[in-house]
Protein chains: 2
Amino acid sequence: MTYVDQYIDKLRKSGLRPTKQRIKICEVLFNAEKTFHFTIKELVKIIENQANIKVSLATVYNTVHAFIKKGYLKEIPLNASQSYYDTNVTHHHHFFDEEENKLIDINQEDVDDINIKRTIPGKKIRSVEFIAKIVSDNQSQK
Amino acid sequence: MTYVDQYIDKLRKSGLRPTKQRIKICEVLFNAEKTFHFTIKELVKIIENQANIKVSLATVYNTVHAFIKKGYLKEIPLNASQSYYDTNVTHHHHFFDEEENKLIDINQEDVDDINIKRTIPGKKIRSVEFIAKIVSDNQSQK
DNA sequence: TCAATACTTTAGAATTAATATAATGTATTA
DNA sequence: TAATACATTATATTAATTCTAAAGTATTGA
Ligand SMILES: [Mn+2]
Ligand SMILES: [Mn+2]
Ligand SMILES: [Zn+2]
Ligand SMILES: [Zn+2]
């Protein structure tokens, strides 16, 4: 099964026909070896730079939303000015590099279980995810 | 020192003159016994409902921003459509009630230290804060 | 006190991410 | 092939936020 076949499969399962615009979007999103974190603006820029096809903003938003709904993409709340998305849809944590404005995955196994010694009556926890903000470590070394 | 004196102090330290609009904003923000989590829209609505003075959106935004800069308020990234703010400026975690759309504080002492078994070369961690999403626990009890 | 100066408030305009619309294009079906 | 369904796109709309510029108020110092 080629990569493109996988994209077609993802699109079909999301209820979308595999058009060339959508396959291009998939190439950018799911080709990467590693997890891919992005904003819509960044995604559009990457598509523009590497494709000879034009993809409208509406198509990008529609496709991303369909993938989120289907569970192929995840939204990461980072700040209120712009949405961040993630191709890693597992439950996981992040470093956020405040200088590069980049998210970095932290897998579950790299963190001890988070134990909250407090409950809210009638409520149960659905998920616990943290963001560890990181900055350059410019300490003068002794 | 009266409450109002404290508000005046906070405003002065934030580089703002204590006007009646700003003192009203402080009353809403800092009068509460408990931590106060809010959006700008909610803050404006509360002011409108309890004050006989009019405060423009611009003044609300300006004052909130000045307090954030000074460290009297903290921004909580929850989603990309609206900013949430917090009068609890200590390092702490949150429950987020997805049904009520409400933040609830979790103090440091209610959580075991989070131990991340992974480092990023040249970077140090500045903060680690999580959001635990909660929903109604409607389990049929045995 | 008074006028110059600095800071405030405000309505409304501008910006921008996100969403909606509606016309045109393309694929699928019968 | 013709009807139908789905897609793409340019453009419009929405809504949170930020900006602007004019009018108001406080402060300062002669
Ligand atoms: Mn915004
Ligand atoms: Mn928005
Ligand atoms: Zn991730
Ligand atoms: Zn809080």
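Computation of the quantities below employed the complete heavy-atom set of this structure, encompassing side-chain atoms and omitting hydrogens, waters and symmetry-equivalent molecules. As the structure is a prediction and not an experimental result, all values here were calculated from the model. A, B, ... follow the sequence lines: proteins, then strands. Residue 1 opens every chain.
The NZ atom of B/K24 sits 15 Å away from the P atom of C/dT9 (whole-angstrom rounding). A straight line from CD of B/E48 to C1' of C/dT10 spans 14 Å, rounded to a whole angstrom. If you measure from atom CG of B/L43 to atom P of D/dA16, you get 14 Å, rounded to the nearest angstrom. With rounding to whole Å, B/I25 atom CD1 is found 9 Å from C/dT10 atom P. Taking atom CD of A/E42 as the reference point, atom P of C/dA18 lies 11 Å away to the nearest angstrom. Computed from coordinates, the A/I8 CD1 to D/dC6 C1' distance equals 16 Å when rounded to whole Å.
Of the side-chain N and O atoms in A/Q21, one or more sit less than 4.0 angstrom from OP1 or OP2 of D/dT9. Not one side-chain nitrogen or oxygen of A/S83 sits closer than 4.0 Å to the OP1 or OP2 atom of C/dA17. Regarding contacts with the backbone of D/dT9, a side-chain N or O of A/T59 is found under 4.0 angstrom from either OP1 or OP2. Here B/K41 reaches the OP1 or OP2 of D/dA16: one of its side-chain N or O atoms lies under 4.0 Å away. Phosphate proximity of D/dT17 to B/Q82: absent, as no side-chain N or O sits under 4.0 Å from OP1 or OP2. A close approach under 4.0 Å does occur between a side-chain nitrogen or oxygen of A/Y61 and OP1 or OP2 of C/dA18. Distances shown here put every side-chain N or O of A/K20 at or beyond 4.0 Å from the OP1 or OP2 atom of D/dT8. Using a 4.0 Å cut-off, no side-chain N or O of A/S81 falls inside it from OP1 or OP2 of D/dT17.
Here A/T39 lies out of heavy-atom contact (under 4.0 Å) with every strand. If you check every strand for non-hydrogen atoms under 4.0 Å, A/L16 touches sugar and phosphate atoms only.
A donor and an acceptor atom, one from each side chain of B/N107 and B/H92, are nowhere located under 3.5 Å apart.
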## Note on the structure
In B/S/- notation (B base, S sugar-phosphate only, - none; protein heavy atoms under 4.0 Å), nucleotides 24-30 of chain C written 5' to 3' is ---S---

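Along DNA chain D, the nucleotide closest to B/Y84 and the one closest to A/R22 are compared, and the more 5′ of them pairs with A/R22. Nearer to the 5' terminus of DNA chain D, by closest-nucleotide assignment, is the contact made by B/L57 (compared with the other of B/T19 and B/L57).
Ion pairing between a basic and an acidic side chain is recognised when a charged N comes within 4.0 Å of a carboxylate O; B/E48 and B/K45 show no such pairing.
Contact of the A/K74 side chain with the A/N88 side chain is not registered, since no non-hydrogen atoms from C-beta on lie closer than 4.5 Å. A 4.5 Å side-chain heavy-atom check between B/F67 and B/L29 finds at least one atom pair inside the cut-off. When side chains are defined from C-beta on, B/V44 does not count as touching B/I47, because their heavy atoms never get closer than 4.5 Å.
Of the residues in residues 62-79 of chain B, none has a non-hydrogen atom less than 4.0 angstrom from any atom of DNA chain C.
When atom types are taken as modelled, the side chain of B/H91 and the backbone of B/V128 share a donor-acceptor pair closer than 3.5 angstrom.
Set against C/dA18, C/dA11, D/dT9, the side chain of B/A80 has C/dA18 as its closest nucleotide. Nearest to the side chain of B/I40, among D/dT17, D/dT8, C/dT10, sits D/dT17.
Applying the 4.5 Å side-chain rule to ILVMFWY residues, one finds that B/V89 remains a lone member of its cluster.
Applying the side chain to side chain contact (heavy atoms under 4.5 Å, CB included) test to B/Y61 and every residue at least two apart in sequence or in another chain returns B/I40, B/L57, B/H65. Considering only residues two or more places apart in sequence or on other chains, A/D110 meets the salt bridge (Lys or Arg N to Asp or Glu O under 4.0 Å) condition with none of them.
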Expected list for residues 13-21 of chain A: side-chain donor-acceptor pairs under 3.5 angstrom, two or more places apart:
unit_1, atom_1, unit_2, atom_2, d
A/K13, NZ, A/D9, OD2, 3.1
A/S14, OG, A/K10, O, 2.8
A/T19, OG1, A/R22, N, 3.3

